[in-house]
Amino acid sequence: MPSAVAPRFVVLLPLLLLLLVTGCSATDTGEGPGKGPGKGPAEGPGTGKPAPAARWAPRPGTLWQWQLDGRVDPRTDVPVYDIDGFENTAADVARLHRDGRKVICYINAGAWEDFRSDRDTFPSSVLGRPNGWDGERWLDIRRLDVLGPLMGKRFDMCRSKGFDAVEPDLLDGYLNDTGFPLRAGDQLAYNRMIARLAHERGMSVGLKNDLPQVPALVGTFDFAVNEECAQYGECALLTPFVRAGKAVLHVEYALPTEDFCAQSRRLGLSSMRKKLDLGTWRQAC
């Protein structure tokens, strides 16, 4: 019996040594699930560089404050603030961050505003009809070649001030009388460009209104911002975002909270009532 065991040991010994060496090599390189060769953080696909950190995005039911009237008042006790990107400074954003809050940068992406510091950079050829708000005119969103760089600079401003996300307003010009023959396809192309510009700068981005295109854009945008879906009986159209684990930040102006909060809770919306001036006053569900 001993003579039969000895040859098996002689044959297996080299294999055991080979496995031991291979195992040590894998341990030394730091390889394993979710890691690339070498020690340290996982690498981006084919880049040889560390993968970028995941973008923050609000989850369904997140409480928030929406204040676009002047510089932010930081006293509302909620985890997310949506504030004007031009009116607020890096110090304002930093203070909110110190208080443990995330901050969304409001930018008008669908209309020109005569009160913004970059107003003279928009050529007259992309300015359409007034949109009903003082000093604002619709933009020709077909001109991606012109508006892409201009919106990119605005998003650069948001990033430089430390914002976590962007709320680009008026992403539904094709549904309005803009002075341009805009089609649904034009809006899809523009909205996807807007999302790409935000993502390239490491910020999440919200789809503002544009309910007919939610099915096409829910995979592109990180959350939604909506005005008055309860008043017009449209809130169910936003449920694809909630099902995808993405917040719907929702505001009503005319309806009292008892008329919409029960539905909002059932649908998973982050709802509150605000005044049209979008100051500090809020009445949350």
(message) I need the minimum non-hydrogen distance between P149 and L144, along with the two atoms involved.
(response) CD-O, 3.9 Å
(message) Nearest 0.5 angstrom please: I104 CD1 to W66 CH2, how far?
(response) 10.5 Å
(message) More than 12 heavy atoms of other residues, nucleotides or ligands under 6.0 Å from CG of D145: yes or no?
(response) yes
(request) For the pair K153 and D118, evaluate salt bridge (Lys or Arg N to Asp or Glu O under 4.0 Å) and give the outcome as yes or no after the intermediate values. (result) CA-CA 9 Å; K153 290 179 180 178; D118 63 351; over 6 Å; no
(request) Show the numbers, then the answer: is there a side-chain contact (heavy atoms from CB on, under 4.5 Å) between L188 and L217? (result) CA-CA 8 Å; L188 280 173; L217 294 172; 3.8 Å; yes
(request) Give every residue pair that meets the salt bridge (Lys or Arg N to Asp or Glu O under 4.0 Å) criterion with at least one member in residues 98-112, sequence neighbours excluded. (result) D77-R101, D99-R101
(message) By the disulfide (SG to SG under 2.5 Å) test, which pairs, at least two apart or in different chains, include something from residues 91-152?
(response) C105-C158
(request) Check whether any side-chain heavy atom of K275 sits under 4.5 Å from a side-chain heavy atom of Y253, and report yes or no. (result) no
(message) With heavy-atom distances below 4.5 Å as the criterion, would you say the side chains of S204 and W56 are in contact?
(response) yes
(message) Any side-chain to backbone donor/acceptor pair from Q213 onto A184? Under 3.5 Å, distance only.
(response) yes
(message) Counting C-beta onward and ignoring hydrogens, is there a side-chain heavy-atom pair between F163 and M157 closer than 4.5 Å?
(response) no
(message) For a side-chain contact (heavy atoms from CB on, under 4.5 Å) check, start with the C-alpha distance between F122 and D120, then their side-chain angles and the critical distance, and finish with the verdict.
(response) CA-CA 6 Å; F122 289 77; D120 293 334; over 6 Å; no
(message) E200: which residues meet the side-chain hydrogen bond (donor to acceptor under 3.5 Å, both in side chains) condition with it, sequence neighbours left out?
(response) R196
(message) List the residues meeting salt bridge (Lys or Arg N to Asp or Glu O under 4.0 Å) with D259, not counting sequence neighbours, and say none if there are none.
(response) none
(message) Tell me which one of D84, D73, L278 satisfies side chain to side chain contact (heavy atoms under 4.5 Å, CB included) with Q67.
(response) D73
(request) Decide yes or no for D140 and S125: does some side-chain heavy atom of the first lie under 4.5 Å from some side-chain heavy atom of the second? (result) no
(message) Using side-chain heavy atoms (C-beta onward) and a distance below 4.5 Å, is L171 in contact with N209?
(response) no
(message) Just checking R116: does its CZ atom have more than 12 heavy atoms from other residues, nucleotides or ligands closer to it than 6.0 angstrom?
(response) yes
(message) Looking at every heavy atom in both L197 and G152, which two are closest together, and how far apart are they?
(response) CD1-N, 4.0 Å
(message) I'd like to check the side-chain hydrogen bond (donor to acceptor under 3.5 Å, both in side chains) partners of R243; sequence neighbours left out, ordered by chain and number.
(response) T239
(message) In the structure I gave you, are the side-chain heavy atoms of S270 and V248 within less than 4.5 Å of one another anywhere?
(response) no
(message) With rounding to the nearest 0.5 angstrom, report the OH to CH2 distance, Y174 to W138.
(response) 11.5 Å
(request) If the plane angle is over 60° it's perpendicular, under 30° parallel, otherwise tilted; pick one for F260 and H250. (result) perpendicular
(message) Does W133 have more than 12 heavy atoms from other residues, nucleotides or ligands lying within 6.0 Å of its CH2?
(response) no
(request) Find the distance between CG (D222) and CG (L207) and round it off to the nearest 0.5 Å. (result) 10.5 Å
(message) Using 0.5 Å steps for rounding, measure from the CH2 atom of W112 to the CG atom of L139.
(response) 10.0 Å
(request) Report the C-alpha separation of D92 and T89 in whole Å, then their side-chain angles, then the decisive distance to 0.1 Å, and conclude whether the side-chain hydrogen bond (donor to acceptor under 3.5 Å, both in side chains) test is met. (result) CA-CA 5 Å; D92 295 321; T89 67; 3.1 Å; yes
(message) For the CG atom of L249 and the CD atom of E227, what is their distance to the nearest 0.5 Å?
(response) 11.5 Å
(request) Taking all non-hydrogen atoms of both residues into account, name the closest pair between L237 and P240 and its distance. (result) O-CD, 3.3 Å
(message) To check you understand the geometry: which heavy-atom pair defines the closest contact between T178 and G173, and what is its length?
(response) CG2-O, 3.2 Å
(request) Report whether F115 and V126 are members of the same hydrophobic cluster (ILVMFWY, side-chain heavy atoms less than 4.5 Å apart, transitive linking). (result) no
(message) I want to check something: taking the side chain as every heavy atom from C-beta on, are I83 and V103 in contact at a cut-off of under 4.5 Å?
(response) yes
(request) Grab the two heavy atoms, one from P60 and one from G245, that are nearest each other, plus how far apart they are. (result) CD-O, 3.3 Å
(request) Provide the full list of salt bridge (Lys or Arg N to Asp or Glu O under 4.0 Å) pairs with a residue in residues 160-187, sequence neighbours left out, each pair given once. (result) R129-D177, E167-K208, D169-K208
(request) Answer yes or no: is there a donor N or O on one side and an acceptor on the other, between the side chain of R137 and the main chain of P130, under 3.5 Å? (result) no
(message) Which heavy atom of V242 sits nearest to which heavy atom of G268, and what is that distance?
(response) CG2-O, 4.0 Å
(message) Can you tell whether the side chains of D69 and K274 come within less than 4.0 Å, N to carboxylate O?
(response) no
(request) Report yes if the side chains of W281 and R273 come closer than 4.5 Å at any heavy-atom pair, otherwise no. (result) yes
(request) Give a yes-or-no answer on whether the side chains of D210 and N191 include a donor-acceptor pair shorter than 3.5 Å. (result) yes
(request) Inspect the contact between R159 and D156 and indicate whether a charged nitrogen and a carboxylate oxygen are less than 4.0 angstrom apart. (result) yes
(request) Could you tell me the separation between the CG atom of L170 and the CG atom of N131, rounded to the nearest 0.5 Å? (result) 6.0 Å
(request) For the pair K246 and F221, evaluate side-chain contact (heavy atoms from CB on, under 4.5 Å) and give the outcome as yes or no after the intermediate values. (result) CA-CA 9 Å; K246 302 176 179 183; F221 284 78; 5.9 Å; no
(request) Identify which one of D82, V80, T76 satisfies the side chain to side chain contact (heavy atoms under 4.5 Å, CB included) criterion when paired with Q65. (result) T76
